[in-house]
K.L.:
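Let me give you the structure first, and then I'll get to my questions.
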Protein chains: 2
Amino acid sequence: MAGDPLDDLYDRPGFMIRRAHQIAVSVFLAQTDDLGITTTQYGILVVLRHRPRIDQITVARLLGLDRSTTGMVIRTLEEGGLVARVVDPADKRRRSLELTQAGSDLLDRLAAPAERAVAQLLAPLDPAERPVFLALLRKLTGAFDATSRVPLAKGEGGPAPSSEAI
Amino acid sequence: MAGDPLDDLYDRPGFMIRRAHQIAVSVFLAQTDDLGITTTQYGILVVLRHRPRIDQITVARLLGLDRSTTGMVIRTLEEGGLVARVVDPADKRRRSLELTQAGSDLLDRLAAPAERAVAQLLAPLDPAERPVFLALLRKLTGAFDATSRVPLAKGEGGPAPSSEAI
DNA sequence: TCATAATAATCAGACGTCTGATGATTTGTC
DNA sequence: GACAAATCATCAGACGTCTGATTATTATGA
């Protein structure tokens, strides 16, 4: 078992991150099994709840996703009756997005399974290790928000998120 | 900026892990740009170097990948002349896999870019933070090796990885 | 005003990822 | 030896992901 040359591969950050992603998706799907939704769809629903009448390019930027990917997933959500999409009369390039009642209801029902998924994912770490891990993960990913090929634009497209800092 | 309800989403482990994966793949592709290979293909080439004449189901288990995924990627590698695939005469169900000379050469040329990708990925963390992050990531992912839907079978299919620990 | 950006959306193409089903081959058991 | 079970590979189908090109619409500036 010791000295396997593949251990070098297993210890690479990229390999472990791929594995962590695979596990996180799998755990989420297992916890939400009967609700038939994916992690990407869930993220879009959450954005739509907090940014009603947003367009899909802005959704993509808020999630750090590609425009094509986002458009495709949103079409799936629309076909499933979870999202309503209408051409913005003020700017006919845009399609104004909004959760339907079914989408909002589903999001409510997802809250508990999503929390269980987080708990299950972090369960292998000691309680004291969890904030350390998450802080380092936040530091690493946050450093690439502006520079990666698919940048992430937090706080965009919103109803002026409290421009007064009090 | 403060108090954005989307911050709750951005702080979720699953969201940050997805983002980390996206960044890791992007950094790898940028560093190896002219060599035209993906992270998945790279992992398979590494396995093949250390496990010659392996079959593709075992490759899948060693990488924690799906059998179909692995078969598809290996076909791409075969079409690119990087991997040779022949029916095992002793067991006609199996296709014995091996790196070609071109595959081996490419793997040699990938060593430096792959190392640069690791360095770039971890650059946002302080040097002292990096082993902490990687140890926690290893602990989290390792806990799911046996239980996830796509388990990872380290140390399988090899030439008895030095059963003597010296 | 009118030609030129810039922007939102979509499409084409490529790759990765999983599930579930099917066919071919080997192994195990009686 | 023959039937059942396990195993390797592939296919069909669905979803996610990105790049690059194209179309429709709006904004900009000389």
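Please read these numbers as outputs of a predicted model, since none were measured by experiment. The figures here come from the full heavy-atom set of this structure, side chains too, leaving out hydrogens, waters and symmetry mates.
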K.L.:
With a 4.0 Å cut-off, would you call A:Arg109 and A:Asp105 a salt bridge?
P.N.:
no
K.L.:
Can you check the A:Met72 CE to C:dT10 P distance for me, whole Å?
P.N.:
13 Å
K.L.:
Check the phosphate of D:dG16 against A:Gln41, side-chain N and O only, distance under 4.0 Å to OP1 or OP2. Yes or no?
P.N.:
yes
K.L.:
Rounded to whole angstrom units, what separation is found between the CD atom of B:Glu78 and the P atom of D:dA9?
P.N.:
12 Å
K.L.:
Nearest whole Å is fine: how far is C:dT27 C1' from B:Asp91 CG?
P.N.:
10 Å
K.L.:
Given side chains that start at C-beta, do those of B:Leu6 and A:Lys154 come closer than 4.5 Å, heavy atoms only?
P.N.:
no
K.L.:
Just to confirm, is there a sub-4.0 Å distance from OP1 or OP2 of D:dT17 to any side-chain nitrogen or oxygen of A:Arg18?
P.N.:
no
K.L.:
Mind checking A:Val73 for me? I need base, sugar-phosphate or nothing, with any heavy atom below 4.0 Å counting as a touch.
P.N.:
sugar-phosphate
K.L.:
Closer to the 5' end of DNA chain D via nearest nucleotide, is it A:His21 or A:Pro89?
P.N.:
A:His21
K.L.:
Does B:Thr69 have a side-chain nitrogen or oxygen under 4.0 Å from the phosphate oxygens OP1 or OP2 of C:dG16?
P.N.:
no
K.L.:
Salt bridge or not for A:Arg94 and A:Asp88, using N-O below 4.0 Å?
P.N.:
no
K.L.:
Report the distance from atom CG of B:Asp66 to atom C1' of D:dG16, rounded to the nearest whole Å.
P.N.:
15 Å
K.L.:
Write down the distance between CG (B:Leu97) and P (D:dC8), rounded to a whole number of angstrom.
P.N.:
12 Å
K.L.:
CD1 of B:Ile23 versus P of D:dC18: gap in Å, rounded?
P.N.:
11 Å
K.L.:
For the pair made of CG in B:Leu82 and P in C:dC15, what is the distance, rounded to whole Å?
P.N.:
12 Å
K.L.:
Closer than 3.5 angstrom, by distance alone: can the side chain of A:Arg130 be matched with the main-chain N or O of A:Leu122 as a donor-acceptor pair?
P.N.:
yes
K.L.:
Can you check whether A:Lys92 has a side-chain N or O nearer than 4.0 Å to OP1 or OP2 of C:dA8?
P.N.:
no
K.L.:
Mind telling me if D:dA5 is syn or anti? Syn here is a glycosidic angle within 90° of 0.
P.N.:
anti
K.L.:
Under 4.0 Å between a side-chain nitrogen and a carboxylate oxygen: does that hold for A:Asp126 and B:Lys139?
P.N.:
yes
K.L.:
Write down the distance between CD (A:Glu79) and P (D:dA14), rounded to a whole number of angstrom.
P.N.:
12 Å
K.L.:
From the list C:dT17, D:dC11, D:dG16, which nucleotide is the closest neighbour of the side chain of B:Arg75?
P.N.:
D:dC11
K.L.:
What nucleotide among C:dT25, D:dC18, C:dT17 has an atom nearest to a side-chain atom of B:Leu65?
P.N.:
C:dT17
K.L.:
Return the 5'-most residue of the pair A:Asp88, A:Thr38 with respect to DNA chain D, ranking by each residue's nearest nucleotide.
P.N.:
A:Thr38
K.L.:
Could you tell me whether B:Asp11 and A:Arg138 have a side-chain N and a carboxylate O separated by less than 4.0 Å?
P.N.:
yes
K.L.:
Would you indicate which nucleotide in D:dT10, D:dG16, C:dA6 comes nearest to any side-chain atom of B:Gln56?
P.N.:
D:dT10
K.L.:
Just compare D:dT17, C:dT7, D:dA9 and give me whichever is closest to any side-chain atom of A:Arg93.
P.N.:
C:dT7
K.L.:
Would you indicate, yes or no, if C:dG16 has its OP1 or OP2 atom less than 4.0 angstrom from a side-chain nitrogen or oxygen of A:Gln22?
P.N.:
no
K.L.:
From the list C:dT19, D:dC8, D:dT17, which nucleotide is the closest neighbour of the side chain of B:Ile57?
P.N.:
D:dC8
K.L.:
Is it the case that B:Ser104 and B:Arg49 place a side-chain donor and acceptor less than 3.5 Å from each other?
P.N.:
yes
K.L.:
My understanding is that a pair needs two contacts under 3.5 Å, Watson-Crick or G-U wobble. By that rule, which nucleotide pairs with C:dT1?
P.N.:
D:dA30
K.L.:
Does the side chain of B:Arg95 get closer than 4.0 angstrom to OP1 or OP2 of C:dA24 through an N or O atom?
P.N.:
no
K.L.:
Once you apply a heavy-atom cut-off of 4.0 Å, does B:Asp55 come out as touching a base, just sugar-phosphate, or nothing?
P.N.:
sugar-phosphate
K.L.:
Check this one for me: any side-chain N or O of B:Arg67 less than 4.0 Å away from OP1 or OP2 of D:dC11?
P.N.:
no
K.L.:
Nearest nucleotide by nearest heavy atom, which residue falls closer to the 5' end of DNA chain C, A:Ser68 or A:Arg94?
P.N.:
A:Arg94
